[in-house]
Undergrad: 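The following block contains the structure, expressed as structure tokens.
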Amino acid sequence: MTTEAELREEFDRVERRQNAVYTALPYYLLAVSTIIAVLSATTGVPMNLPAVLALTLTTTLLLAWLSTLRGGRRRSGLVIGVYYTALLVSAAALVSLAPWYGIFAFVGYVHAFLLLHGTWRYIGVVVTAMIMSVSYMGGLTNISADVWWLWGAISLVTALLAVISFYLAETADQHRRRQKQALAQLHEANVRLETALKENAGLQAQLLVQAREAGVLDERQRVARDIHDTLAQSLAGIVTQLQAAEQMMGEPPAARRHMTKAMALARESLTEARRTVHALEPEALIDARLPDAIGAIARRWSAANRIDAVLITTGEPRPMHADVEVALLRAAQEALANVAKHANADRVGLTLSYMEDLVTLDVRDDGDGFDPTAVRSQSSATGGFGLNGMRQRMQRLAGRLHIETEVGGGTAISASVPAIPSGGDR
């Protein structure tokens, strides 16, 4: 359960407890006052007990009427005003008959806070204080003409204290209501956020499907370009050299020279063919995690090209969606291939970073660098898969490719894609 849900549940629990107390309190105070009055009457204290009991029954029915108003939600301002006025009249009559009903008169404060608003609330507080002051004086019989001022003073002090208490309670209640309203708004925001996340997950899944379909077409186009740019041209060169060697059969040194060139072209073609075939399927990811797969590629590349290549992994490696891992693996392969072909570098550093929302691969070399403007102006047909293909692959996964380079200053390539967890594809 979230903190927001726990707070809302705590607020609801407190409100239910308060409502239960507010509902039972008037009956409890009325019962206590009645018991004291009956006991006092049995001990000889003069009072009109039948009138007291009849008025007590009437007041009980009045309280029950309030309960029906709450249940039926017919709490108009006029009806509540009639009820509260009848309650104070009953309380005043009971106190005049038996001062112990000052205990019950306290309900005037409670219902003023619960039912009245604005100025009427404070008017109810003052009237309740005046009624309870009669109880403090021991009843109407004890308030003679020469002590009316004392009842007035007690009423004034009691009313002042009650008004101050009500003001503080009202302020606290407003603060509580604002907190409850804020929690309700937070709950609505959380619901909207959860809905948006679900919708985003669906859109992300659609994006991955589209990326997979586009990736198939992209791979076909890339392989076609690689074959055209490397294998086809190399095979044409081999045929040319063999034809020249055939024509020079009478001159062994010249024929041998053409045969040597043909063999060199064949070796280069074999190397390119292996590279193309290796790029078709990320076999390195079949039995290894992405950091291990990129590390193995970097070690093999370093041994083949005699250039130091070091991989550093930051964050906590975790399985990612197959398309995410393939995109980063391809980026590593292409970046290293570009370094070997163009950079004339002595050292390459690779950093694979696992963050909360992103997975990033940074490849940095200390080579010759290049003019990125000139590279962007080249045709994709002459540039092979290269940087444009890497950028397209990242964009299909809602990622990005960032390049920092300058002539003579080396190159830094940063490929980042959303950290989409593995969905069981592998």
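Below, each value reflects all heavy atoms present in this structure, side chains not excepted, and no hydrogens, waters or symmetry copies.
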Undergrad: What heavy-atom pair brings Tyr84 and Ala112 nearest, and what distance separates the two atoms?
TA: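 Nearest heavy atoms, Tyr84 then Ala112: OH-CB, 3.4 Å.
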Undergrad: Is a side-chain donor or acceptor of Arg121 paired with a backbone partner of Phe113 at a separation under 3.5 angstrom?
TA: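 Yes; at least one donor-acceptor contact below 3.5 Å.
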Undergrad: Is a donor on one side and an acceptor on the other found under 3.5 Å between the side chain of Asp365 and the backbone of Gly367?
TA: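 Yes, Asp365 side chain to Gly367 backbone: donor-acceptor pair under 3.5 Å.
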Undergrad: Measure from the side-chain N and O atoms of Asp366 to the backbone N and O of Gly410, and report whether any donor-acceptor pair falls under 3.5 Å.
TA: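 Not a single qualifying donor-acceptor pair exists.
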Undergrad: Heavy-atom distance under 4.5 Å between the side chains of Arg364 and Leu350, does that happen here?
TA: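 They are not in side-chain contact.
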Undergrad: May I ask you to check whether Tyr109 and Phe106 place their ring centers less than 6.0 Å from one another?
TA: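 Ring centres of Phe106 and Tyr109 closer than 6.0 Å.
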Undergrad: Calculate, to the nearest 0.5 Å, the distance between atoms CG and CE belonging to Leu361 and Met394 respectively.
TA: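 So the CG of Leu361 and the CE of Met394 are separated by 8.5 Å.
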Undergrad: Any luck finding a side-chain donor-acceptor pair between Tyr101 and Thr56 under 3.5 Å?
TA: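 Yes, Thr56 and Tyr101 have a side-chain donor paired with an acceptor closer than 3.5 Å.
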Undergrad: Within this structure, what is the OG-CD1 distance for the pair Ser414 and Ile403, rounded to the nearest 0.5 Å?
TA: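 Rounded to the nearest 0.5 Å, the OG-CD1 separation comes out at 10.0 Å.
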Undergrad: Do you know which two heavy atoms are closest between Ala105 and Val95, and how far apart they sit?
TA: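 Heavy atoms only, the tightest pair is CB-CG2, 4.4 Å.
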Undergrad: Which atoms form the tightest heavy-atom contact between Leu62 and Ala86, and what is the distance?
TA: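 Minimum heavy-atom separation between Leu62 and Ala86: CD2-C, 3.7 Å.
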Undergrad: Quick one: pull up OG1 in Thr128 and CE in Met132 and give me the separation to the nearest 0.5 Å.
TA: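 Atom-to-atom, Thr128:OG1 and Met132:CE are 8.5 Å apart.
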Undergrad: Quick one: closest heavy-atom pair of Pro317 and Thr313, and the distance?
TA: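 The answer is CG-CG2, 3.8 Å.
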Undergrad: Does the side chain of Ile307 come within less than 4.5 Å of Val348's, by heavy atoms?
TA: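 In contact.
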Undergrad: Indicate yes or no: at least one non-hydrogen side-chain atom of Tyr354 is less than 4.5 angstrom from one of Thr360.
TA: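 Answer no - side chains too far apart.
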Undergrad: Grab the two heavy atoms, one from Ala345 and one from Val339, that are nearest each other, plus how far apart they are.
TA: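 Closest heavy-atom pair between Ala345 and Val339: CB-CG1, 4.0 Å.
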Undergrad: With rounding to the nearest 0.5 angstrom, report the OG to CZ distance, Ser416 to Arg400.
TA: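 Rounded to the nearest 0.5 Å, the OG-CZ separation comes out at 4.0 Å.
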Undergrad: Check the side chains of Thr405 and Thr411 for a donor-acceptor pair under 3.5 angstrom, ignoring hydrogens and angles.
TA: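 Yes, side-chain donor-acceptor contact under 3.5 Å.
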Undergrad: Quick one, Leu87 and Phe104 - any side-chain contact, counting heavy atoms below 4.5 Å?
TA: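 A side-chain contact under 4.5 Å exists here.
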Undergrad: Can you give me the closest heavy-atom contact between Leu328 and Ala415, atom names plus distance?
TA: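 Closest heavy-atom pair between Leu328 and Ala415: CD2-O, 3.9 Å.
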Undergrad: Does the pair Leu290 and Leu352 meet the rule for a side-chain contact (heavy atoms from CB on, under 4.5 Å), with working shown?
TA: CA-CA 9 Å; Leu290 181 61; Leu352 182 62; 4.1 Å; yes
Undergrad: Kindly compute the distance separating CE (Met390) from CZ (Arg330), expressed to the nearest 0.5 Å.
TA: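 Atom-to-atom, Met390:CE and Arg330:CZ are 12.0 Å apart.
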Undergrad: Between Tyr83 and Leu78, is there a donor-acceptor pair closer than 3.5 Å when you use the side chain of the first and the backbone of the second?
TA: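 No, the answer is negative, given that no donor and acceptor are paired below the 3.5 Å cut-off.
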Undergrad: Under 3.5 Å, is there a donor-acceptor pair between the side chain of Trp301 and the main chain of Leu336?
TA: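 Answer holds: yes.
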Undergrad: Donor-acceptor pair, distance only, cut-off 3.5 Å: does the side chain of Ser302 make one with the backbone of Ala298?
TA: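 Between the backbone of Ala298 and the side chain of Ser302 there is no qualifying donor-acceptor contact (under 3.5 Å).
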Undergrad: Is there a side-chain contact between Met137 and Ile154, using heavy atoms and a 4.5 Å cut-off?
TA: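 Counting from C-beta outward, Met137 and Ile154 do come under 4.5 Å.
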Undergrad: Does a side-chain heavy-atom distance below 4.5 Å link Leu160 with Leu156?
TA: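 Leu160 does not reach Leu156 side chain to side chain.
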Undergrad: Find the distance between NE2 (His342) and CZ (Phe370) and round it off to the nearest 0.5 Å.
TA: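 Reported value, rounded in 0.5 Å steps: 9.0 Å.
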Undergrad: Do other residues, nucleotides or ligands put more than 12 heavy atoms under 6.0 Å from Met263 CE?
TA: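 It does not: Met263 CE has 12 such atoms or fewer within range.
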Undergrad: Check whether any side-chain heavy atom of Thr59 sits under 4.5 Å from a side-chain heavy atom of Leu30, and report yes or no.
TA: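 SC-SC contact between Thr59 and Leu30 confirmed.
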